[in-house]
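Written below as C-alpha cells is the structure these notes are about.
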Amino acid sequence: MQDLCETQAPRSGPGTVVVLAGEGGHAAQAQRFCAGLEKRGQSVTLFTERESWLLPSISRLSKEGKFAHWISIVAVIFWFPACLIYSLTSSRFRRASLVVSFGPMTTVPLALASQMVGKRLIYIESWSRFETISLTCRLHRRLGASFLVQNPMHLGKDKPDCMGRLG
Amino acid sequence: MKVLATVGTGRFDAMVSTLDKQHDPGLLIQHGASPAPQVNAGVSYIPALDDRLDEFDLVITHAGAGTVYAMLERGRPFCVVPNLDRTDNHQSEIANYLRREGLAPVLDLADAPFDLYELYKVALATCNPDAYPGPSFDYDSFIDSFLS
C-alpha cells in the first residue's frame with residue numbers, strides 16, 4: 001500500500017494497523033482508509049478477500065441466497081482455527097497494535113482470532129448504512145469491538161462515534 | 001453513447017436480464033456472478049473499475065457503496081438500481097439517501113424498457129460535481145483516539 005500515495009513524515013505510533021476487508025465496496029472503503037493512514041505516516045497491512053486466503057470467498061457463493069448469513073456463519077467457524085494459528089505466528093499480526101475490520105462476514109474469523117491474541121479491534125460500518133447496522137457489525141460488537149460509523153446515526157440508545165466518510 | 005451497467009462482484013440477475021432485453025451497441029454490462037448477457041456486450045469483472053468510469057457517458061449501477069462513491073466524487077451522470085434480492089437492506093438505504101438528497105435517479109426495473117438516452121439526460125440534469133457529501137473521515141481524530 002505504501003506506493004499508493006505521497007507520504008508525510010511518520011508519526012510516532014505503536015506498531016502497524018491491520019485492516020480486514022472482503023471485496024467490492026468493503027475493499028474500496030478499506031483501501032481509502034489505508035491510503036489515508038499511510039499519508040499520515042502510519043504503517044498499514046491490508047488483507048482483502050481477493051488477495052488473502054485468510055478471508056475465504058464464501059460470500060461470493062452465498063451472499064445472494066435465502067440462507068446467506070447462516071451459510072457464512074457456519075463456514076467462518078471452520079475457518080477460525082487457521083486464522084488463530086496465523087494470528088499467533090505471523091509477524092505482521094504480532095507487530096499490529098490495532099485491527100480494523102470493514103466486513104463482511106468473512107472477516108469475522110480473523111477479527112475473532114486477533115481479539116484472542118490481545119489486539120484491539122475496531123469495526124468501521126459501511127458508508128452505505130444510514131439507518132441500520134449490519135449483522136457483521138453486530139457480531140463484531142459481540143466480540144468486543146469498538147464501532148465507528150461514517151454517517152450520523154441514532155440506533156436506539158446507541159449513538160456511535162461518527163468519523164465522517166472515507167473518500 | 002457509451003453506457004456501463006454494473007452489478008459489482010455479486011449477483012443481480014434481474015438487472016442484467018432486464019437491461020439485456022433491448023440491444024444497444026454502446027451498452028456494456030458488467031454482470032458479476034449473474035449469467036452473462038446474450039444480446040449486449042458483457043464482461044464478468046472489470047479490474048480497476050474506478051479508473052475506467054470516466055470512459056462512459058452514463059453508468060447504471062447497483063446501489064453498492066464502491067461505485068456510488070466513485071460516481072459522486074466524479075460528479076458524473078449515473079443511475080442506481082437497488083438490489084432488493086439481497087438478504088440485507090443496505091442497498092435500499094443508500095438508494096433512499098440518493099433519492100432524498102437528489103444526488104442520482106433511482107430506477108425501478110418494473111419501468112423497463114428504458115430509453116438510455118432519456119436516462120442519460122435525466123442523470124445529467126441530476127448530477128452535481130459539488131454535491132459529494134461530507135464530512136470526510138477525520139483521520140487525525142482516529143489516530144489520536146486509537147493509535148496514540
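Throughout, a chain's letter reflects where its sequence line sits, starting with A, and its residues are numbered from 1.
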* Asked: Taking a hydrophobic cluster as the set of Ile, Leu, Val, Met, Phe, Trp and Tyr residues connected by side-chain heavy atoms closer than 4.5 Å, whether directly or through intermediates, do A:F47 and A:M116 fall within one such cluster?
  -> yes
* To do: Inspect the surroundings of CZ in A:R142 and state if more than 12 heavy atoms from other residues, nucleotides or ligands are less than 6.0 Å away.
  => no
* Asked: Does B:L28 belong to the same Ile/Leu/Val/Met/Phe/Trp/Tyr cluster as B:V39, with side-chain heavy atoms less than 4.5 Å apart forming each link?
  -> no
* What's the spacing between A:Q150 CD and B:S136 OG if we round to 0.5 Å? -> 11.0 Å
* Considering only heavy atoms from C-beta outward, does the side chain of A:L98 approach that of B:F142 to under 4.5 Å? -> yes
* Roughly how far apart are B:L147 CG and A:T16 OG1, rounded to 0.5 Å? -> 9.5 Å
* To do: Without swapping roles, check the side chain of B:Y97 against the backbone of A:R129 for a donor-acceptor pair under 3.5 Å.
  => no
* Same hydrophobic cluster for B:I46 and B:M71, using side-chain heavy-atom links shorter than 4.5 Å among ILVMFWY? -> yes
* Asked: Hey, what do you get for CD1 (B:I94) to CD (A:E131), rounding to the nearest 0.5 Å?
  -> 11.5 Å
* To do: Start with the C-alpha distance between B:E73 and A:R165, add both sets of side-chain angles, then the distance that settles salt bridge (Lys or Arg N to Asp or Glu O under 4.0 Å), and finish with yes or no.
  => CA-CA 12 Å; B:E73 275 183 321; A:R165 292 183 188 127; over 6 Å; no
* Asked: In terms of heavy-atom contacts, does CD of B:Q22 have more than 12 from other residues, nucleotides or ligands at under 6.0 Å?
  -> yes
* Begin with the C-alpha distance, continue with both residues' side-chain angles, and end with the deciding distance and a verdict on side-chain contact (heavy atoms from CB on, under 4.5 Å) for B:N96 and A:F130. => CA-CA 9 Å; B:N96 289 340; A:F130 293 84; over 6 Å; no
* Asked: Does a side-chain heavy-atom distance below 4.5 Å link A:L37 with B:F137?
  -> no
* Asked: Going by atom types alone, do A:S128 and B:E93 pair a side-chain donor with an acceptor below 3.5 Å?
  -> no
* For B:S145 against A:M163, the heavy-atom pair lying closest together -> OG-CE, 4.5 Å
* To do: Name the region of A:S126, side chain, backbone, both or neither, that has any atom closer than 4.5 Å to a heavy atom of chain B.
  => side chain
* So, for B:A65 and A:W127, which heavy atoms are closest and what is the spacing to 0.1 Å? -> CB-CE3, 4.2 Å
* **Shared hydrophobic cluster for B:V122 and B:L72 (ILVMFWY, side-chain gaps under 4.5 Å)** => no
* Do you reckon B:V43 sits in the same ILVMFWY cluster as B:L53, going by side-chain contacts under 4.5 Å, direct or chained? -> yes
* Heavy-atom check, side chain of B:Y139 versus side chain of A:K39, under 4.5 Å -> no
* Asked: Does B:M1 CE have over 12 foreign heavy atoms under 6.0 Å away?
  -> yes
